[in-house]
Number of protein chains: 2
Amino acid sequence: MNITNAEENYLKAIFKIAEKENKAASTNKLAEVMGTSPASITDMIKKMSDKKLVNYTKYYGVTLTSEGSKIATNLIRRHRLWELFLVDKLRFPWHQVHNIAEELEHIKSDDLVARLDAFLNYPKFDPHGDPIPNAEGKFTIRSQSPLSDARKGQKYVLVGLKENNYDFLKFLYDQGFKIGSSITLLEKSDYDHTAKILLDGRSEILLGAVVTQNLLVRNE
Amino acid sequence: MNITNAEENYLKAIFKIAEKENKAASTNKLAEVMGTSPASITDMIKKMSDKKLVNYTKYYGVTLTSEGSKIATNLIRRHRLWELFLVDKLRFPWHQVHNIAEELEHIKSDDLVARLDAFLNYPKFDPHGDPIPNAEGKFTIRSQSPLSDARKGQKYVLVGLKENNYDFLKFLYDQGFKIGSSITLLEKSDYDHTAKILLDGRSEILLGAVVTQNLLVRNE
DNA sequence: GAAATTATTTAAGTTTGCTTAAAAATAGAT
DNA sequence: ATCTATTTTTAAGCAAACTTAAATAATTTC
């Protein structure tokens with residue numbers, strides 16, 4: 001069966017909503033995420049339900065069938081592999097790769113993905129620290145906690161980000177943060193969740209609450 | 001102005017027809033190349049004429065405007081850069097890259113192309129020996145002649161191919177040919193244009209007329 | 001140079017993925 | 001439990017890029 005780019009995007013959106021909210025995706029939420037009208041969603045979802053890509057219950061919401069889930073996972077795999085390629089090989093800053101990867105992820109060739117994976121050395125995480133599902137669709141899980149929960153004086157490694165929005169990424173990029181950076185917590189305020197850190201043994205940086213809560217680190 | 005993927009493909013087809021036949025592209029020829037009906041061509045060409053991408057004269061044919069030519073050249077640049085990436089970096093055999101590059105060439109990012117170009121070291125030719133126009137749209141010209149015109153006993157370098165069809169490429173790939181291969185002409189028949197060559201100092205190969213006429217070489 | 005063949009265009013219609021506006025169902029407030 | 005507000009669906013319609021069938025123009029052939 002042929003899956004269009006638009007359908008792939010719907011599957012991905014439903015997957016991400018389910019992952020975040022842990023429930024069926026509503027028409028309105030999907031419309032918001034996809035940047036279309038709710039009417040378009042109902043329209044499209046009906047067709048995708050006929051194709052057995054999603055389970056649709058009127059006035060309730062949409063979930064993925066196992067077929068739909070497989071396609072969504074594969075799409076995320078492709079997206080994240082391309083993001084890593086763009087950052088590691090083409091030297092793009094990490095806040096500039098999302099839109100390009102949104103296009104690259106739709107290239108239809110399993111061989112291409114397999115070879116790209118090999119070229120990048122079968123990576124487990126993308127440049128933002130998000131896990132790259134393997135060819136079987138398995139995500140690697142890692143231990144992590146927000147920097148806001150960290151202990152003063154301890155040394156951490158930046159492993160991920162809770163938010164991937166452009167401005168946040170650009171801010172971090174400009175400060176010199178990247179996945180794998182070492183972060184030593186010099187000072188912290190339990191009152192307002194700000195912190196002073198030493199980044200990669202080089203620069204002392206003051207961070208506000210929003211930043212410390214969205215940086216995911218692991219010990220040592 | 002927004003150019004769709006379909007429009008880009010029309011521009012490329014018109015460019016290639018003009019290059020090969022040295023005249024305006026006819027509706028039927030375009031239909032054949034694009035794999036659509038002649039009626040679709042007329043339909044589309046009219047819209048593209050309104051957009052000043054092509055010059056269209058009813059019942060006569062289509063040529064590119066300078067704007068259209070610029071876009072077509074850029075598309076060829078992108079196509080050939082991606083083909084080189086696929087062969088050199090992802091280790092695809094050269095007969096398997098065309099279709100994937102047909103998709104990759106439509107990714108809309110000038111920055112991506114510039115970085116890919118740099119990553120590949122500003123190459124002048126793709127894996128099939130076709131010239132890659134530079135960022136300004138300039139093609140590199142090189143001296144070349146078909147192997148069928150070569151002289152017995154002389155040593156040559158394979159620089160290009162007259163035909164890029166799948167079966168020809170696969171045949172050559174299976175024999176071990178690639179751009180840059182050394183070819184020594186051991187025997188040749190002026191009667192039927194067959195030849196016996198030494199490829200890369202390793203293997204002696206007998207070639208038929210079609211092959212010798214479609215291999216482009218230069219001396220030494 | 002008229003008739004026949006071929007090439008091209010026009011006309012009408014299709015599919016995909018979207019839109020707006022109106023109708024219907026659900027959920028929330030009192 | 002009813003009224004109101006919100007969400008969702010239905011209906012009608014649009015643009016892009018196709019299709020087939022019919023009409024028209026150009027080219028060949030005799």
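Below, all heavy atoms of this structure are taken into account, side chains as well, without hydrogens, waters or symmetry copies. The sequence lines fix the lettering, A, B, ..., with proteins before strands; numbering per chain opens at 1.
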task: Heavy atoms under 4.0 Å is the rule here; annotate nucleotides 22-28 of chain D 5' to 3' with B where the base is hit, S where only the sugar-phosphate is, and - elsewhere.
output: --BSS--
- request: Could you check how far CE of B:M48 sits from C1' of D:dA16, rounded to whole Å?
  value: 13 Å
- line: Between B:L147 and the options B:L216, B:V211, B:L158, B:I197, the side-chain contact (heavy atoms from CB on, under 4.5 Å) test singles out B:I197
task: Hey, could you give me each pair passing side chain to side chain donor-acceptor pair (under 3.5 Å) that has a residue in residues 55-72 of chain A? Not counting sequence neighbours.
output: A:N55-A:T63
task: With sequence neighbours excluded, give me every salt bridge (Lys or Arg N to Asp or Glu O under 4.0 Å) pair touching residues 134-145 of chain A.
output: none
field: Test side-chain contact (heavy atoms from CB on, under 4.5 Å) applied to A:K51 - qualifying residues, sequence neighbours left out
entry: A:M1, A:E7, A:L53
message: Just to verify, what does B:N165 make a side chain to side chain donor-acceptor pair (under 3.5 Å) with, not counting sequence neighbours?
response: none
- request: Answer with yes or no whether the side chains of A:T194 and A:D192 bring together a donor and an acceptor at under 3.5 Å.
  value: yes
query: What integer distance in Å separates B:E7:CD from D:dA16:P?
result: 9 Å
Where A:E105 and A:L75 come nearest, the two heavy atoms and their spacing: O-CD1, 3.5 Å
query: When you measure from every atom of DNA chain C, which of residues 98-107 of chain A have a heavy atom less than 4.0 Å away?
result: none
message: Using the ring-ring contact (aromatic ring centres under 6.0 Å, His included) criterion, which residues pair with A:Y166? Sequence neighbours excluded.
response: A:H95
field: Atom pair CD/CG of A:Q175 and A:L207 - distance to nearest 0.5 Å
entry: 7.5 Å
Rounded distance (Å) that lies between atom C1' of D:dT7 and atom CG of A:L30: 13 Å
When the side chains of residues 25-33 of chain A are checked against the rest of the protein, which donor-acceptor pairs come out under 3.5 Å, sequence neighbours left out?
from	atom 1	to	atom 2	distance (Å)
A:S26	OG	A:K29	N	3.1

task: State the CD1-OG1 distance between B:I183 and B:T212, to the nearest 0.5 angstrom.
output: 10.5 Å
query: A:E32 CD to D:dT7 P: how many Å, rounded?
result: 11 Å
- line: In numerical order, the residues of residues 33-43 of chain A whose heavy atoms come under 4.0 Å of DNA chain D are A:P38, A:A39, A:T42
query: NA contact type, B:Y60, heavy-atom cut-off 4.0 Å: base, sugar-phosphate, or nothing?
result: nothing
message: For D:dT9 and A:K46 - does any side-chain N or O of the residue sit under 4.0 Å from the phosphate oxygens OP1/OP2?
response: no
message: Can you tell whether the side chains of A:D43 and A:K47 come within less than 4.0 Å, N to carboxylate O?
response: yes
field: Electrostatic pair B:D50:B:K46 at N-O distance under 4.0 angstrom
entry: no
task: Check DNA chain D against residues 11-29 of chain A and give the residues with a non-hydrogen atom under 4.0 Å, in numerical order.
output: A:S26, A:T27, A:N28
message: Can you measure A:I45 atom CD1 to D:dT7 atom P for me and round it to whole angstrom units?
response: 18 Å
message: Between B:K108 and B:N5, do the side chains contain a donor N or O and an acceptor N or O under 3.5 Å apart?
response: yes
- prompt: How about B:D110: does its CG atom have over 12 heavy atoms from other parts shown lying under 6.0 Å from it?
  reply: no
Which atom pairs, donor and acceptor, lie under 3.5 Å between side-chain atoms of residues 83-91 of chain A and protein residues at least two apart or in another chain?
from	atom 1	to	atom 2	distance (Å)
A:E83	OE1	A:H128	ND1	3.0
A:E83	OE2	A:H79	NE2	2.9
A:R91	NH2	A:D88	O	3.3

- prompt: If you walk 5' to 3' along DNA chain C, what is the first nucleotide with an atom under 4.0 Å of a heavy atom in chain A, and what is the last?
  reply: C:dG17 to C:dT26
